[in-house]
S.K.: 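Quick one: the structure is below, and I'll ask about it shortly.
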Amino acid sequence: MNTTTKETVIGVWPTLVYRDGQAALKFLTEGLGFTLVASYPGEAEGSIAHSELAWPAGGGVMVSSLDRNKEPNEFDKLADQIASVYLVCDDPDALWPRVMAAGATVVREMREEDYGSRGFSVADPEGNVWSIGTYRGEIGALSTGGQQ
């Protein structure tokens, strides 16, 4: 029997630093539907040095908490900056009540876009914006021989 293993390589990882990393992981998994793949504790109790979360449609994000190290470093300032991440989702209507129940704040109500997407945007409890929609982008057409 001949078996082939295909390795998936994620080449882009949005990285977010949260003041409360545990609350962020809860929001991202229970609210948005990410799957926690790896999580390593930081130096402070309950802190996150590094975590990886997979998105069901592909890709993922890395999350850490501000208190992961005893000494501040150059990435700590990310906790004070608002990030914006777009997530592809086949059924944003089904995700809407789940993410709202998890404590999201509406940035943009559910709507149809002129480019064919249906989706919405919310802010997580620390203000990062998560846009969820059916638009898959044009990169897929490049890898399948389609035109841009």
Side-chain angles (χ1 to χ4, degrees), residues 3-111 113 115 117-144 148:
T3 60
T4 304
T5 303
K6 182 179 178 185
E7 181 180 329
T8 300
V9 176
I10 306 301
V12 177
W13 286 91
T15 304
L16 297 100
V17 177
Y18 283 89
R19 294 191 177 288
D20 186 341
Q22 294 298 332
L25 291 183
K26 183 175 181 176
F27 176 82
L28 294 172
T29 56
E30 294 177 14
L32 283 174
F34 278 91
T35 299
L36 183 62
V37 176
S39 186
Y40 304 97
E43 294 181 15
E45 179 148 348
S47 69
I48 301 165
H50 172 83
S51 65
E52 296 175 13
L53 297 100
W55 182 243
V61 295
M62 293 181 182
V63 170
S64 63
S65 59
L66 187 60
D67 58 353
R68 68 195 173 284
N69 298 314
K70 288 182 182 174
E71 297 295 323
N73 69 37
E74 57 277 8
F75 291 100
D76 290 349
K77 63 185 172 190
L78 294 175
D80 295 326
Q81 298 175 0
I82 301 301
S84 176
V85 180
Y86 177 77
L87 304 171
V88 174
C89 178
D90 289 334
D91 191 359
D93 291 281
L95 186 56
W96 176 264
R98 178 179 169 170
V99 73
M100 294 311 296
T105 303
V106 176
V107 172
R108 179 180 287 166
E109 294 281 344
M110 183 78 68
R111 69 187 200 182
E113 299 291 353
Y115 51 90
S117 185
R118 177 167 176 77
F120 62 91
S121 297
V122 294
D124 67 26
E126 293 196 22
N128 295 299
V129 176
W130 297 87
S131 296
I132 294 91
T134 58
Y135 179 70
R136 294 190 172 277
E138 300 296 327
I139 292 174
L142 295 174
S143 64
T144 60
Q148 205 171 352

S.K.: Set out, in order, the CA-CA distance, both residues' side-chain angles and the distance that settles salt bridge (charged side-chain N to carboxylate O under 4.0 Å, His left out) for Asp124 and Lys26, then state yes or no.
M.R.: CA-CA 11 Å; Asp124 67 26; Lys26 183 175 181 176; over 6 Å; no

S.K.: Are any side-chain N or O atoms of Tyr86 and backbone N or O atoms of Tyr135, one a donor and one an acceptor, separated by less than 3.5 Å?
M.R.: yes

S.K.: Decide side-chain contact (heavy atoms from CB on, under 4.5 Å) for Leu53 and Leu25; before the verdict, give the C-alpha distance in whole Å, the side-chain angles of both, and the deciding distance to 0.1 Å.
M.R.: CA-CA 9 Å; Leu53 297 100; Leu25 291 183; 3.8 Å; yes

S.K.: Are the aromatic ring centres of Trp130 and Phe34 under 6.0 angstrom apart?
M.R.: yes

S.K.: Of all heavy-atom pairs between Leu16 and Ala83, which one has the smallest distance, and what is that distance?
M.R.: CD2-CB, 3.6 Å

S.K.: So Trp96 and Glu109, do their side chains get closer than 4.5 Å, heavy atoms only?
M.R.: yes

S.K.: For Ser47 and Asp67, which heavy atoms make the closest approach, and how far apart are they?
M.R.: CB-OD1, 2.9 Å

S.K.: Any sub-3.5 Å donor-acceptor pair from Glu52's side-chain atoms to Val37's backbone N or O?
M.R.: no

S.K.: Give the intermediate values and the outcome of side-chain contact (heavy atoms from CB on, under 4.5 Å) for residues Val63 and Tyr18.
M.R.: CA-CA 7 Å; Val63 170; Tyr18 283 89; 3.7 Å; yes

S.K.: What are the two closest heavy atoms between Pro41 and Ala49, and how far apart are they?
M.R.: O-CB, 3.4 Å

S.K.: Please report the interatomic distance CG(Leu66) to CG(Asn69), rounded to the nearest 0.5 Å.
M.R.: 9.5 Å

S.K.: Please report the shortest heavy-atom distance between Glu30 and Arg98, naming the atom on each side.
M.R.: O-NE, 2.8 Å

S.K.: Is the CD atom of Glu45 crowded by more than 12 outside heavy atoms at less than 6.0 Å?
M.R.: no

S.K.: For residues Val106 and Met100, determine if any side-chain heavy atom of one lies less than 4.5 Å from a side-chain heavy atom of the other.
M.R.: yes

S.K.: Ignoring hydrogens, what is the shortest heavy-atom contact between Asp20 and Ala23? Give both atom names and the distance.
M.R.: OD1-N, 3.0 Å

S.K.: Kindly give the heavy-atom pair with the smallest separation between Pro92 and Thr134, and that separation in Å.
M.R.: CD-CG2, 3.7 Å

S.K.: Any heavy-atom pair between the side chains of Ile48 and Gln22 that's under 4.5 Å?
M.R.: yes

S.K.: I'd like to know if the side chain of Ser65 reaches the main chain of Gly21, judged simply by a donor and an acceptor atom lying under 3.5 Å from each other, with no hydrogens or angles considered.
M.R.: no

S.K.: Under 3.5 Å, is there a donor-acceptor pair between the side chain of Glu126 and the main chain of Arg19?
M.R.: yes

S.K.: Would you indicate whether the side-chain heavy atoms of Arg68 and Phe75 approach each other to under 4.5 Å?
M.R.: yes

S.K.: For Ser51, does its backbone N or O pair with a side-chain atom of Ser39 as donor and acceptor, under 3.5 Å?
M.R.: no

S.K.: Among Asn128, Val99, Val129, exactly one meets side chain to side chain contact (heavy atoms under 4.5 Å, CB included) together with Val122. Which residue is that?
M.R.: Val99

S.K.: Under a 4.5 Å cut-off applied to non-hydrogen side-chain atoms, are Met110 and Leu95 in contact?
M.R.: no

